[in-house]
Amino acid sequence: MSNDFQSGSRSGYRAKRKKTNIILNSLIVIVLALIFFVAYTIFLSGDDKAAPKKEDTKTTENQASEKEDKDTEKNDAARETEGDTDSEENADEESEEASAPEQEDDSQAVITEGDGTTNVVRTIENPTWKPVGTVQTGEHAPVYDESHVDWQEMRKAISYATGLEESNMTLYWLGRDKASGTGSFSTVASKDKTQKYNVYLEWVDGAGWKPVKVEELSAIE
């Protein structure tokens, strides 16, 4: 009787222990499954958050690249505009230089005061004076005819030497300079007669008439 009771107790204990083990193993499996699930969820969540960052980075890089390209285009356009402006200014300057003789440098002029025995107030000779240019070609001989281009070019040289505009210049005499034999001599005055000059010219082949001496005369009464 005692053996049967002990045998039943052992069997019950084993059955209870087996059942306990099954429950524990089940709980372990459940816990492991939950751990894997949570880890998997965290992993996926991390990928989703990382992806936009990459896109944002690419977007920022693209925007920076586009801005740099626009800045480069603006700089290139500004350089081209500046280059065009410089070219236009240079062209204008060249045009002005070609259209009129350069003004003389008065600082190099040699001025001799008159001695009071004539109406010459002072004599001016300037080594910087240049020929005024010409459209004439071939062998040259002075032509003292108001309708001839040689006359017009001499008037231009007289205006250049005296500073009088041709429109404000009265020409009293223009003819051959007997002293030189080849040059020309003229007497001119301003319209208001406050300025009067004798002007001596010489011909330079291919370059036109060049002033060589100007005599400033006393004003006309």
Colleague: Tyr197 and side chain to side chain contact (heavy atoms under 4.5 Å, CB included): which partner among Leu164, Thr187, Leu217, Ile124?
Modeller: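 Output: one option passes, namely Leu164.
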
Colleague: Looking only at non-hydrogen atoms, find the nearest pair between Trp209 and Met154 and report the distance.
Modeller: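 So the two residues come closest at NE1-CG, 3.3 Å.
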
Colleague: Can you tell me if Gln152 uses its side chain to pair, donor with acceptor, with the backbone of Glu146 under 3.5 Å?
Modeller: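 Here the side-chain-to-backbone pair exists.
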
Colleague: Inspect the surroundings of CD in Glu113 and state if more than 12 heavy atoms from other residues, nucleotides or ligands are less than 6.0 Å away.
Modeller: yes

Colleague: Ignoring hydrogens and angles, tell me if any N or O in the side chain of Ser159 forms a donor-acceptor pair with the backbone of Arg155 under 3.5 Å.
Modeller: no

Colleague: Measure the shortest side-chain to side-chain distance between Val31 and Phe36 over non-hydrogen atoms and say whether it is less than 4.5 angstrom.
Modeller: no

Colleague: Tell me who clusters with Phe185, hydrophobic residues only, linked when side chains sit under 4.5 Å apart either directly or through other members.
Modeller: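 Members besides Phe185, by chain and number: Trp173, Tyr200, Val212.
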
Colleague: Using 0.5 Å steps for rounding, measure from the OG1 atom of Thr41 to the CG atom of Leu34.
Modeller: 10.5 Å

Colleague: Look only at the side chain of Glu153 and the backbone of Val135, and say whether a donor-acceptor pair between them is shorter than 3.5 Å.
Modeller: yes

Colleague: Would you call Val132 and Lys210 a side-chain contact if the rule is heavy atoms closer than 4.5 Å?
Modeller: no

Colleague: Could you tell me the separation between the OG1 atom of Thr112 and the CG atom of Asp115, rounded to the nearest 0.5 Å?
Modeller: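 Going from the OG1 atom of Thr112 to the CG atom of Asp115 covers 11.0 Å.
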
Colleague: Answer yes or no: is there a donor N or O on one side and an acceptor on the other, between the side chain of Asn168 and the main chain of Lys191, under 3.5 Å?
Modeller: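 At least one qualifying donor-acceptor pair exists.
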
Colleague: Is there a side-chain contact between Val199 and Thr162 (heavy atoms, below 4.5 Å)?
Modeller: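 Result yes, sub-4.5 Å side-chain heavy-atom pair found.
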
Colleague: Check the pair Gln136 / Val149 against side-chain contact (heavy atoms from CB on, under 4.5 Å), numbers first and verdict last.
Modeller: CA-CA 8 Å; Gln136 303 177 75; Val149 65; 3.9 Å; yes

Colleague: side-chain contact (heavy atoms from CB on, under 4.5 Å), that's the test. Do Tyr144 and Leu174 meet it? Break it down for me.
Modeller: CA-CA 7 Å; Tyr144 301 101; Leu174 178 56; 4.2 Å; yes

Colleague: As a quick check of understanding, evaluate side-chain contact (heavy atoms from CB on, under 4.5 Å) for Tyr172 and Asn198, giving each step before the final call.
Modeller: CA-CA 10 Å; Tyr172 290 103; Asn198 287 335; over 6 Å; no

Colleague: Answer yes or no: is there a side-chain heavy-atom contact under 4.5 Å between Ile158 and Leu201?
Modeller: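 The answer is yes; the side chains approach within 4.5 Å.
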
Colleague: Go through it in stages, so that I can follow the logic: the residues are Thr123 and Lys213, the test is side-chain contact (heavy atoms from CB on, under 4.5 Å), and I'd like the CA-CA distance, side-chain angles, deciding distance and then a yes or no.
Modeller: CA-CA 7 Å; Thr123 300; Lys213 183 171 68 173; 3.5 Å; yes

Colleague: Are Tyr160 and Met169 grouped together when hydrophobic residues (ILVMFWY) are joined by side-chain heavy atoms under 4.5 angstrom apart?
Modeller: yes

Colleague: Measuring from Thr170:OG1 to Gln195:CD, what's the distance to the nearest 0.5 Å?
Modeller: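 Answer rounded to 0.5 Å: 11.5 Å.
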
Colleague: Output the distance between atom OG1 (Thr182) and atom CG (Asp177), rounded to the nearest 0.5 Å.
Modeller: 8.0 Å

Colleague: Please find the pair of heavy atoms, one from Ala161 and one from Val214, that lie closest to each other, and give the distance.
Modeller: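 Closest approach of Ala161 to Val214, heavy atoms only: CB-CG2, 3.7 Å.
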
